[in-house]
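So the structure is just underneath, and the comments pick up after that.
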Amino acid sequence: MQTRPIPSSGEALPVIGCGTYVGFDVGANSEKLKTLADVVRTLRDAGGKVFDSSPMYGRAEAVLGDLLAAAPDPERTFIATKVWTRGRQAGITQMERSFALLRIKRIDLMQVHNLLDWQTHLRTLRSWKQDGRIRYLGVTHYTSSAYDELEAVMRKDTLDFVQLNYSLDDRAAERKLLPLATERGIAILVNVPFGGGGLLRRLRNRLLPDWAAEIDCTSWAQILLKFVLAHPAVTCVIPGTGNPAHMADNCRAGTGTLLDAALRKRIIAEWEAGN
Ligand SMILES: NC(=O)c1ccc[n+]([C@@H]2O[C@H](COP(=O)([O-])OP(=O)(O)OC[C@H]3O[C@@H](n4cnc5c(N)ncnc54)[C@H](OP(=O)(O)O)[C@@H]3O)[C@@H](O)[C@H]2O)c1
């Protein structure tokens, strides 16, 4: 799988990861645990290692922690999770719980979920980064209505990562935030690349374009992920899935030919003409 450097460190990050919202929120004795172990194995076998979770996602952190602890070489992962509460002490308590659920002593990336009380939590995160408890810090959001605030944080603070929404039918981040990330040396994790699944459903009955083979794509999911990765500011995209076949499909987007600027323009034009 292709990798891209995290601007603040130069560390290489594989371009396709796995989001755990919904898919990993299953019971401790669920039949789905075996399937989720296959999702984890599929991503790691393909050379991926980024898993994104949050205390907002029900049992997802606990499930991910159990699966990774049982997987060979658990160190070969990049775990991103979030703090999603108000107040310094409440944030610390919640993040300590994430360490316990994920069963790790160091979290690769801790993000302030939806910018909730970000001033407070970034203070804690800066001190934890210095102490080595986390390796990188950042903030997230999922809607363009938050972009003014996101932009202000990106300008004011020193962030390693910003996680935001970006997809073929939701390109507002191109206007200011993606160029700003490049200017400020901030890595970009892209969430909801399939519009939460709705974008893929809208494309379900459309034939793959004839140029798909030129960019080594055999599915719409791969085309949508390659579209996101074609933006040079993007470091990694984290489609959510609890399905190993979908994980394998998504991983293919991290290999082969990427879209050039001309093809990117063409995809946008074809999408707009069809909608
Ligand atoms: N504010 C925030 O910080 C924030 C907000 C939203 C999301 N996120 C993060 O970003 C991740 C991605 O967002 P998301 O999960 O909401 O939406 P998404 O990635 O746009 O779409 C997920 C949906 O697509 C389906 N899917 C995935 N791969 C597929 C494939 N190859 N073929 C067909 N269907 C496929 C999944 O179903 P299956 O399970 O059946 O594959 C699921 O229903 C989340 O999981 C979460 O980690 C963060």
Side-chain angles (χ1 to χ4, degrees), residues 16-26 30 32 35-36 38-40 42-43 46 48 50-61 63-64 78-85 98 102 108-118 121 137-147 149-150 153 159 161-170 173 177 188-206 208 212 217-229 234-254:
I16 303 288
C18 179
T20 63
Y21 178 53
V22 184
F24 279 60
D25 181 13
V26 302
S30 167
K32 289 192 186 143
T35 309
L36 291 176
D38 281 343
V39 171
V40 169
T42 301
L43 178 65
V50 178
F51 294 90
D52 177 74
S53 197
S54 169
M56 190 204 255
Y57 305 161
R59 282 194 29 83
E61 282 183 318
V63 167
L64 182 62
F78 185 101
I79 297 187
T81 192
K82 311 187 187 90
V83 54
W84 181 59
T85 186
S98 295
L102 290 163
D108 296 293
L109 167 61
M110 185 60 86
Q111 308 155 102
V112 182
H113 200 146
N114 290 351
L115 294 170
L116 187 64
D117 203 2
W118 60 268
H121 300 314
L137 57 83
V139 298
T140 79
H141 218 290
Y142 69 101
T143 167
S144 52
S145 60
Y147 282 4
E149 191 180 3
L150 206 45
V153 185
L159 302 172
F161 277 82
V162 164
Q163 182 186 139
L164 50 70
N165 52 307
Y166 180 51
S167 62
L168 178 59
D169 71 339
D170 182 10
L177 297 189
I188 291 284
L189 279 187
V190 171
N191 61 33
V192 288
F194 304 142
L199 183 52
L200 275 177
R201 280 192 294 278
R202 282 160 72 190
L203 289 163
R204 193 168 37 201
N205 295 323
R206 280 208 213 169
L208 277 192
C217 285
T218 56
S219 70
W220 277 111
Q222 292 163 30
I223 292 175
L224 293 177
L225 294 174
K226 284 205 173 183
F227 173 83
V228 165
L229 289 171
V234 171
T235 312
C236 169
V237 53
I238 47 165
T241 187
N243 177 326
H246 288 169
M247 190 72 256
D249 184 16
N250 298 343
C251 285
R252 279 199 58 164

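Remember, it's a predicted structure, so these values are computed and weren't measured experimentally. Atoms within each ligand, like the ligands themselves, are counted from 1 in listed order.
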Is there a side-chain contact between Gln163 and Ile238, using heavy atoms and a 4.5 Å cut-off? yes
Flag for Ser98-Glu61: side-chain donor and acceptor within less than 3.5 Å: yes
Look only at the side chain of Lys82 and the backbone of Ser53, and say whether a donor-acceptor pair between them is shorter than 3.5 Å. yes
Can you confirm whether Met56 sits close enough to Asn114 that some side-chain heavy atom of one is under 4.5 Å from a side-chain heavy atom of the other? yes
Can you name the atoms of ligand 1, numbered from 1 with element, that are less than 4.0 Å from a heavy atom of Thr20? 45 (O), 47 (O)
So with a 6.0 Å cut-off around OH of Tyr147, is the heavy-atom count from everything else above 12? yes
So, is Asn243 polar-close to ligand 1, with some N/O to N/O distance under 3.5 Å? no
Counting from 1 in the order shown, the ligand 1 atoms closer than 4.0 Å to a non-hydrogen atom of Pro239 are 19 (O)
May I ask you to identify the nearest protein heavy atom to atom 4 (C) of ligand 1, giving residue, atom name and distance to one decimal place in Å? Asn191 ND2, 3.4 Å
Who's the nearest protein heavy-atom neighbour of atom 30 (C) of ligand 1, and how far? His246 CG, 3.4 Å
Distance from atom 47 (O) of ligand 1 to nearest protein heavy atom, with residue and atom: Asp52 OD2, 2.6 Å
In terms of atom number and element, which parts of ligand 1 are under 4.0 angstrom from non-hydrogen atoms of Tyr142? 1 (N), 5 (C)
Taking only residues at least two apart or on different chains, which pairs with a member in residues 220-229 satisfy side-chain hydrogen bond (donor to acceptor under 3.5 Å, both in side chains)? Thr218-Gln222, Ser219-Gln222, Gln222-Asp249
For atom 31 (N) of ligand 1, find the nearest protein heavy atom and state the residue, atom name and distance (0.1 Å precision). Asn250 OD1, 2.9 Å
Below 4.0 Å from any atom of ligand 1, is there a heavy atom belonging to Gly23? no
Over 60° means perpendicular and under 30° means parallel, so tell me whether His113 and Tyr57 are parallel, tilted or perpendicular. perpendicular
Given Trp220, Phe194, Tyr21, identify the one with the heavy atom nearest to atom 24 (O) of ligand 1. Phe194
Is the contact between Leu200 and ligand 1 made by the side chain, the backbone, both, or neither, using heavy atoms and a 4.0 Å cut-off? side chain
With a cut-off of 4.0 Å, which atoms of ligand 1 are near a heavy atom of Thr140? 1 (N), 2 (C), 3 (O)
Where does Asp249 meet ligand 1, judged by heavy-atom distances below 4.0 Å: at the side chain, the backbone, both, or neither? side chain
Quick check: does any side chain N or O of Thr235 sit under 3.5 Å from a backbone N or O of Ile188, one acting as donor and the other as acceptor? yes
If you count the atoms of ligand 1 from 1 in the order shown, which ones are under 4.0 Å from a heavy atom of His113? 1 (N), 2 (C), 3 (O)
Taking 4.0 angstrom as the limit and counting only heavy atoms of Gly19, give me the atoms of ligand 1 inside it, by number and element. 11 (C), 44 (C), 45 (O), 47 (O)
Sequence-distant partners of Asp117, salt bridge (charged side-chain N to carboxylate O under 4.0 Å, His left out), two or more places apart: none
Mind checking whether Asp52 and Asn191 have side chains closer than 4.5 Å, heavy atoms only? no
Please state which protein non-hydrogen atom is closest to atom 14 (P) of ligand 1 and give its distance, to 0.1 Å? Val192 CG1, 3.8 Å
Starting from atom 17 (O) of ligand 1, locate the nearest protein heavy atom and write down its residue, its atom name and how far away it is, to 0.1 Å. Gly196 CA, 3.3 Å
Is a side-chain donor or acceptor of Gln111 paired with a backbone partner of Thr81 at a separation under 3.5 angstrom? yes
Do the non-hydrogen side-chain atoms of Phe227 and Leu224 ever get within less than 4.5 Å of each other? no
Would one find an N or O of Gly240, backbone or side chain, under 3.5 Å from an N or O of ligand 1? yes
Indicate yes or no: at least one non-hydrogen side-chain atom of Val39 is less than 4.5 angstrom from one of Phe24. yes
Of all the atoms in ligand 1, which lie at a distance below 4.0 Å from a heavy atom belonging to Tyr57? 4 (C), 8 (N), 9 (C), 46 (C), 47 (O), 48 (C)
Under 3.5 Å between any N/O of Thr241 and any N/O of ligand 1: does that happen in this structure? yes
Atom 39 (O) of ligand 1 has as its nearest protein heavy atom Gly242 N, 3.0 Å
Here the atoms of ligand 1 under 4.0 Å from any heavy atom belonging to Lys82 are 3 (O), 48 (C)
Proximity of Ser53 to ligand 1 by residue part, where a heavy atom lies under 4.0 Å: neither
Atom 11 (C) of ligand 1: the protein heavy-atom neighbour that sits closest, reported with distance to 0.1 Å: Ile238 O, 3.2 Å
Less than 4.5 Å apart, any side-chain heavy atom of His141 and any of Val162? no
